[in-house]
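So the structure is just underneath, and the comments pick up after that.
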Amino acid sequence: MHVLASFEWSVIWDSQGALWGGFKHTMKAGVVGIVLAYLVGLVLGALRAHRIPILNQLAASYVELIRNTPILVQIFFLYYGLPVLGIHLDVFTVAWLSITIWGGAFMTENFRAGFEAVPQRLSEAGYALGFTRLQEFLYVTLPIGGRIALPSTINSAISVIKNTSLLLLIGYPELTYVANNIQSNTFRTFEMFTALAVYYLAIVWTLSALIRFLERRLALPEAF
Amino acid sequence: MNPLPEWFRPVSEYILREGVPETLRMAAIAVVASLVIGVVLGTLMTIRFRPLQWLIRFYVEVWRGLPILVTVLFIFWLPAFDVGRHHVQLSAYQSAALALTLWGSAQVAEATRGAVQSIPNEQHEAAAALGFGWVGRQTFVILPQALRRMVPPLVGLLVNTIQNTTIAFAIGVNEVLQAGQRQFENVTSGLTGQPVAPSYAPFLIFGYVALLFFIICFPLTRLAAYLEKRLT
Amino acid sequence: MKRLVVLTIVLGLVVAAAVAATFGSAAPARGVSPQAKLPPKPKLPALPAAVKARGKWLIGVKCDTPPFGWQDTSGKNRGYDVEVARQFAKWAFGSTSKVDFTCVTTASRIGTLTSGRVDIIISTLTWTADREKVIDYSVPYYNAAGRLLVKNNVAVGKLATWMPGKKIVSTSGSIYDRWIKNCFKNTSFQVVSSPAAGVLAVKNDQANAMMYDDAFLVGVAANDSSLKLSSNIFLKVPWGVGIRKNEPDMKRWVDAAVRGMRNRDLFWSILKRTIPRRFWKTFRPNAPSPAHKLQYPRSSPPENNCPS
């Protein structure tokens with residue numbers, strides 16, 4: 001393929017500044033989205049695991065709604081639909097909000113599974129020590145269940161970062177948006193794809209390595 | 001009595017008639033192809049031959065690691081090329097289906113590897129004792145057991161693939177979301193002869209698109225959860 | 001009635017004379033009424049071999065951009081660009097149905113052409129010097145102009161004084177994008193994902209105005225009493241059929257076909273077929289005709305042309 005033969009590093013080099021700008025936008029939306037998704041997941045996951053009436057059902061409906069519709073449709077719905085309700089958001093807000101709502105649903109499930117995996121006898125031991133429900137959660141379920149859930153939540157966080165690429169379709173100038181723009185002017189497909197791949201794989205593989213590291217470090221003793 | 005507004009009926013019919021089959025067909029193609037490629041790669045990964053393992057691991061990590069949109073755009077951007085005597089030129093639809101397959105086959109390969117390795121070694125040995133070669137062992141003894149364990153995640157893959165067809169929106173494939181967008185433009189422009197829609201139109205159109213996906217995906221996620229429960 | 005006929009004939013003669021005078025050297029033997037005398041089909045050069053062998057066209061058109069390329073609710077491709085493609089099919093193969101349409105988007109259209117997925121693109125493709133480095137353009141077949149869509153109570157006046165401090169939306173990669181960056185440093189520009197999204201932004205006060213092609217905005221403003229077009233008209237740049245570089249046969253055929261359509265005033269017939277009658281007057285100058293040939297602004301890039 002002659003395309004490979006004519007690979008021009010200078011194309012990547014010349015667009016380095018623009019790509020870096022896109023990367024910063026990706027990280028900005030991604031980090032805000034991940035942090036908030038963790039918060040949503042922790043709170044709703046706890047509500048679900050402890051079967052708090054009404055709130056549990058509401059959280060379950062939210063999770064099912066988000067898991068069974070494409071995130072891109074959710075982004076469009078927020079982008080076009082919310083203004084109809086009189087809620088006017090700028091693109092950045094729609095960006096982090098949409099990935100938070102999506103990531104929050106998946107993290108709710110991650111944390112619920114983690115909390116539910118905490119053996120019954122441990123929380124009973126907590127109550128025996130005179131813990132209130134909140135204390136039991138904070139000192140028993142959260143540390144143990146959170147540990148169990150951590151690797152799967154990082155997987156969700158990885159998906160949140162990958163999903164920021166979809167924000168190109170509402171005009172948020174993240175990494176894919178920038179690369180797509182450059183390629184539609186220069187037609188240097190391979191160069192732009194290589195640059196994109198390096199950026200995304202660097203983020204994703206770093207986080208995957210973190211999962212493996214944590215899985216080893218935080219592995220619960222056999223007794224559990 | 002139809003409670004839906006007059007302008008919406010042809011719009012919803014268009015999405016249902018044009019968009020839904022396009023989405024389902026693409027998902028079906030991608031899932032079947034992912035299954036075939038993924039099971040082969042996943043089984044090969046269990047062979048203790050390092051270079052092959054590394055190669056497949058690289059394939060899996062790359063296509064799983066990249067956002068699918070990036071893969072879709074890349075394949076779509078590729079200029080035509082020749083493979084032997086064949087002039088290969090993928091349409092937008094084919095590009096998207098291929099991208100979904102690369103991603104899906106990476107998922108299946110990983111799942112297959114896990115499932116195959118979870119089959120106790122005694123099974124291999126028993127099959128060998130019966131006189132099966134490697135291929136026979138895999139085909140008749142190991143894979144049937146491994147595949148049973150993979151059914152719930154495979155239903156999950158189907159759900160994800162159906163949802164991910166929306167990414168083909170970016171290159172103009174008329175899947176459900178694109179179908180909704182086209183009609184949204186039509187009812188906004190006032191030049192198509194279609195009645196002009198009120199300002200809540202996007203709420204209704206994209207809400208309808210979301211509803212269609214929910215109707216398709218919700219039973220499947222329930223099924224996956226049920227199968228998962230039955231298996232354990 | 002009789003008076004009308006006479007008037008028409010007189011007018012026709014005047015126009016014909018004017019045309020003959022202006023383009024005398026190009027059409028020396030065309031007598032009084034060039035349109036009437038032209039055969040229904042122009043003499044066209046040979047079709048490019050690949051197209052001829054296939055027996056039909058593969059043409060990229062928009063499917064989300066009324067009134068140029070869109071799909072009606074029955075799934076049929078409609079619009080000005082689509083009709084131009086059908087005319088090409090009629091002249092190439094004797095039937096308007098000898099064409100397969102590929103839906104392209106603004107972002108995908110040039111890639112779809114250069115990668116060889118289609119023969120040509122007729123997809124609202126504004127001429128720019130940058131694009132002309134990558135693809136060839138046919139002679140122009142439509143003349144677009146930029147307009148501003150604003151809320152009904154907004155008075156714009158002169159652009160140079162109104163624009164600073166305002167928030168303007170348009171689609172990404174458009175000529176308006178570059179024009180605003182070049183000429184209005186203190187104007188904030190926001191990309192929207194589609195024309196309809198831009199309309200919503202103005203309606204919902206997320207932006208002061210949407211800057212876009214007149215054809216789309218005229219329809220929107222006419223149908224929404226809360227919106228209007230300002231009187232400013234800017235960035236008149238023609239559209240062309242996109243052709244791959246180094247395909248002289250293709251360029252020769254398409255150019256001849258576009259000229260043939262222009263000389264028979266077919267673009268105007270097509271425009272009349274594709275937009276509601278109340279907009280005809282507004283759009284008449286946008287279609288090229290025997291008396292109104294369009295030209296690309298090759299000598300001065302329009303996006304660098306700032307209003308004072």
Side-chain angles (χ1 to χ4, degrees), chain A residues 1-4 26 63-86 155 158-159 161-169 174-177 179-180 183-184 187-190 192-208, chain B residues 23 61-62 64-83 103 156 159-160 162-170 175-178 180-181 184 188 198-222 225:
Chain A
M1 276 158 75
H2 66 281
V3 203
L4 282 173
T26 293
V63 169
E64 290 304 335
L65 191 65
I66 298 305
R67 281 208 306 190
N68 289 296
T69 52
I71 180 174
L72 191 52
V73 175
Q74 294 160 21
I75 294 172
F76 271 55
F77 194 78
L78 290 179
Y79 182 73
Y80 290 117
L82 282 187
V84 176
L85 301 178
N155 257 326
I158 293 176
S159 299
I161 285 279
K162 280 159 64 179
N163 280 336
T164 56
S165 62
L166 299 174
L167 300 169
L168 131 83
L169 292 166
E174 46 69 58
L175 200 45
T176 312
Y177 177 97
N180 196 40
Q183 119 57 55
S184 63
F187 297 90
R188 306 305 306 202
T189 300
F190 275 96
M192 275 305 112
F193 179 73
T194 308
L196 262 191
V198 166
Y199 270 109
Y200 280 112
L201 293 179
I203 306 172
V204 170
W205 289 355
T206 308
L207 286 172
S208 308
Chain B
T23 286
E61 294 302 332
V62 167
R64 230 169 43 148
L66 287 176
I68 301 173
L69 176 61
V70 173
T71 314
V72 168
L73 291 175
F74 172 61
I75 294 172
F76 183 70
W77 290 340
L78 282 181
F81 54 92
D82 293 318
V83 176
W103 172 81
V159 172
N160 282 333
I162 290 172
Q163 294 187 7
N164 284 336
T165 56
T166 51
I167 292 170
F169 175 97
E175 44 65 53
V176 177
L177 183 59
Q178 173 76 241
Q181 174 73 32
F184 174 37
T188 306
S199 49
Y200 66 84
F203 203 73
L204 198 50
I205 293 178
F206 295 112
Y208 180 71
V209 168
L211 179 71
L212 286 177
F213 275 105
F214 190 83
I215 291 172
I216 299 168
C217 295
F218 185 65
L220 289 171
T221 20
R222 298 318 307 165

Closest non-hydrogen atom pair, [X] against [Y]:
X      : Y      : value
B:F203 : A:F77  : O-CE1, 3.5 Å
B:G180 : B:I205 : O-CG2, 3.6 Å
A:R67  : A:E64  : NH2-OE2, 3.3 Å
A:L65  : A:Q74  : O-NE2, 4.5 Å

Ring centroid separation B:F213 to B:F218 under 6.0 Å: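 No, too far apart.
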Can you tell me which portion of A:Q183 sits under 4.5 Å from chain B's heavy atoms? Options are side chain, backbone, both or neither.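 Looking at A:Q183, just its side chain touches chain B.
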Worksheet item: Relative to chain B, which segment of A:L85 carries a heavy atom at a distance below 4.5 Å: side chain, backbone, both, or neither?
Response: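 Answer is side chain: those atoms of A:L85 sit under 4.5 Å from chain B.
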Contact origin within [X] toward chain A - heavy atom pairs under 4.5 Å:
X      : result
B:V62  : both
B:L66  : both
B:L220 : neither
B:S199 : backbone

Output the option from [options] having the highest count of non-hydrogen pairs under 4.5 Å with chain B.
options                : answer
A:N68, A:T69, A:L82    : A:N68
A:L201, A:T176, A:L207 : A:L201
A:I158, A:V73, A:V204  : A:V73

Hey, can you pull the donor-acceptor pairs under 3.5 Å for the side chains in residues 162-169 of chain A, sequence neighbours left out?
{"unit_1": "A:K162", "atom_1": "NZ", "unit_2": "B:R64", "atom_2": "O", "d": "2.5"}
{"unit_1": "A:N163", "atom_1": "ND2", "unit_2": "A:S159", "atom_2": "O", "d": "3.3"}
{"unit_1": "A:T164", "atom_1": "OG1", "unit_2": "A:I161", "atom_2": "O", "d": "2.5"}
{"unit_1": "A:S165", "atom_1": "OG", "unit_2": "A:K162", "atom_2": "O", "d": "2.8"}

The ring pair (Phe, Tyr, Trp, His ring centres under 6.0 Å) partners of B:F184 (sequence neighbours excluded) come to A:Y80, B:F206
